[in-house]
There are 2 protein chains.
Amino acid sequence: MAERARRGAPLTLEEIATTAVRLMDEAGVEGLSMRKLASELDVNPMSLYHHVENKEALLKLICATAAERMRVPPDDGSPWQEQLRELALAYHRNAKEHPALWGYLHTHPEVISHRGLPLWSALYRILRLAGVPEPEVRRTGDILHAFVSGFILAEINGHMPDDPEEIERNYDTAVHLIINGLAGF
Amino acid sequence: MAERARRGAPLTLEEIATTAVRLMDEAGVEGLSMRKLASELDVNPMSLYHHVENKEALLKLICATAAERMRVPPDDGSPWQEQLRELALAYHRNAKEHPALWGYLHTHPEVISHRGLPLWSALYRILRLAGVPEPEVRRTGDILHAFVSGFILAEINGHMPDDPEEIERNYDTAVHLIINGLAGF
DNA sequence: GCGTCAGCCATACGGTGTATGGCTACTCGA
DNA sequence: TCGAGTAGCCATACACCGTATGGCTGACGC
């Protein structure tokens, strides 16, 4: 009774979060349960609740850290079309690394709506570079993000061809569409 | 024992589906459970399984019928820009009528990928009208649909302003973006 | 020595989807 | 008319879920 079930170091939030991400990567959002997570950590399910308020908060946490850690290409002085393309590519790559996580994130957008995220500042910078008038920057950014979300969700959920070459073409078409659309303003 | 719990007419698939939709409208995807649905129909939970294979099949069913019943504006001979706008508007309106349902649908796109749907034939027609070369029609259609999905999901999930006027502006910007993007090809 | 508290855990509650099997009431062929 | 078969429904049970409650242990400050 007095024994901790778990041998070794005490539980940490960090450890909880990374195992949760692993479980999601392996088995999707539905593959992550507090009980499985606990058993994976060799710990009683209720122990998790000393580090995390509840499951939703845990999901929010790992989504937020994923969003914060997203690598955004720096301003290299190239034309906005190129930079927008690179940003979209980076976003895409990021999402494909943890599909389930980004799938959840895109259906709970409040997680990513925090405007301090590198994603947003990069996007806004590029939109300004493209000549989008200041009062329209945020709206336009939201819409572009929604578009890319849709594209990525469709891909994650299998509503896209399997052939990687075909996907590449889809991606090119999509980015072209967006760039042309922006250029037309 | 011999008594049916439920008085009156026997259960029908139709009835099951419509109450399921109602429950989803009222309380979201998570508000729909086989047990609640059964109790709403004054029936034992297991009775549902004589009409539906399982919950997923039920969801698929109601999504599919919603997609089939979607009202698509007819070809009125107006320019493709106008028609595309109208189609997007119709889609938007449809989705807002049953937000939870369309939220689910957009995260399970296999449901809507059936190419016989009015949505797809209308979209393809308009794309051809816009001069999209035949081998690109389907790809372009998929991408546009993904974009609109993203926009609508963002709206459904609250990642858009509340002010209806602002939403309208967002919508206009989005459609403009798409139309400009297409026109640039 | 004593109180406080962080960390962990056992138990329990109410919810979920659904497998299994049994009961009725009907239809249909002989 | 009489079985056989079957469609429809239901009772029970299982395995799983998130988490409220409350209790234990061991470290720390006084």
Side-chain angles (χ1 to χ4, degrees), chain A residues 1-63 100-101 103-104 107-108 111, chain B residues 1-63 100-101 103-104 107-108 111:
Chain A
M1 218 63 70
E3 288 281 288
R4 298 276 179 273
R6 186 187 143 82
R7 315 289 144 162
L11 215 47
T12 68
L13 186 56
E14 175 75 15
E15 196 184 2
I16 292 177
T18 61
T19 347
V21 170
R22 182 166 57 78
L23 285 185
M24 276 183 94
D25 285 348
E26 287 170 8
V29 202
E30 323 218 319
L32 170 65
S33 82
M34 297 303 268
R35 294 171 122 108
K36 277 186 209 143
L37 178 54
S39 108
E40 200 76 10
L41 292 164
D42 197 12
V43 121
N44 184 286
M46 291 314 292
S47 303
L48 300 173
Y49 288 84
H50 261 266
H51 303 263
V52 155
E53 181 157 354
N54 51 35
K55 188 182 181 179
E56 205 183 319
L58 173 59
L59 282 168
K60 217 164 185 166
L61 172 71
I62 62 186
C63 284
L101 199 158
Y104 178 86
T107 55
H108 295 71
V111 176
Chain B
M1 215 63 70
E3 288 283 286
R4 298 275 181 272
R6 186 187 143 80
R7 315 289 144 163
L11 214 48
T12 68
L13 187 55
E14 175 75 16
E15 196 183 1
I16 292 177
T18 62
T19 16
V21 171
R22 182 166 56 78
L23 284 185
M24 275 183 94
D25 286 347
E26 287 169 9
V29 202
E30 323 219 318
L32 171 64
S33 83
M34 297 303 268
R35 294 170 121 106
K36 277 186 209 145
L37 178 54
S39 106
E40 200 76 11
L41 291 164
D42 196 13
V43 122
N44 184 286
M46 290 315 290
S47 303
L48 300 173
Y49 289 85
H50 261 268
H51 302 263
V52 154
E53 180 157 357
N54 52 35
K55 187 181 181 179
E56 205 183 320
L58 173 58
L59 282 168
K60 218 166 186 166
L61 172 71
I62 63 186
C63 285
L101 200 158
Y104 178 86
T107 55
H108 295 71
V111 176

Q) Has His51(B) got a side-chain N or O lying under 4.0 Å from the OP1 or OP2 atom of dA7(D)? A) no
**Q.** Sub-4.5 Å side-chain heavy-atom contact between Leu59(A) and Met24(A)
**A.** yes
**Q.** Distance in angstrom units between Asn44(A) CG and dT21(D) P, rounded
**A.** 17 Å
Q: Compare side-chain N and O positions of Ser47(B) against OP1 and OP2 of dG8(D) and report whether any pair is under 4.0 Å apart.
A: no
Q) So, do Leu11(B) and His50(B) sit near enough that their side-chain heavy atoms are less than 4.5 Å apart? A) no
**Q.** Distance, rounded to the nearest Å, where Leu13(A) contributes CG and dG7(C) contributes C1'
**A.** 14 Å
**Q.** Interatomic distance, His50(A) NE2 vs dT25(D) P [rounded to whole Å]
**A.** 15 Å
Q: For Leu48(B) and dC10(D), give me the distance from atom CG to atom P, rounded to whole Å.
A: 10 Å
Q.
Side chains of Leu61(B) and Leu13(B), heavy atoms from C-beta outward: is any pair under 4.5 Å?
A. yes
Q.
What is the distance, to the nearest angstrom, from the CD1 atom on Ile16(B) to the C1' atom on dG17(C)?
A. 15 Å
Donor-acceptor pairs are to be reported for all side-chain atoms of residues 16-23 of chain A against protein atoms at under 3.5 Å, with residues two or more places apart or in another chain.
residue, atom, partner, partner atom, Å
Thr18(A), OG1, Glu14(A), O, 3.4
Thr18(A), OG1, Glu15(A), O, 3.1
Thr19(A), OG1, Glu15(A), O, 2.4
Arg22(A), NH1, Glu26(A), OE2, 3.3
Arg22(A), NH1, Glu40(A), OE2, 3.3
Arg22(A), NH2, Glu40(A), OE2, 3.3

Q.
Does Lys60(B), at its NZ atom, have more than 12 non-hydrogen atoms belonging to other residues, nucleotides or ligands within less than 6.0 Å?
A. no
Q. Any side-chain heavy atom of Arg35(A) sitting closer than 4.5 Å to one from Pro45(A)?
A. yes
Q. Just how far, in rounded Å, is C1' of dC9(C) from CG of Leu37(A)?
A. 16 Å
Q) Quick one: what's the B/S/- string for nucleotides 13-20 of chain D, heavy-atom cutoff under 4.0 Å, read 5' to 3'? A) B---BBBB
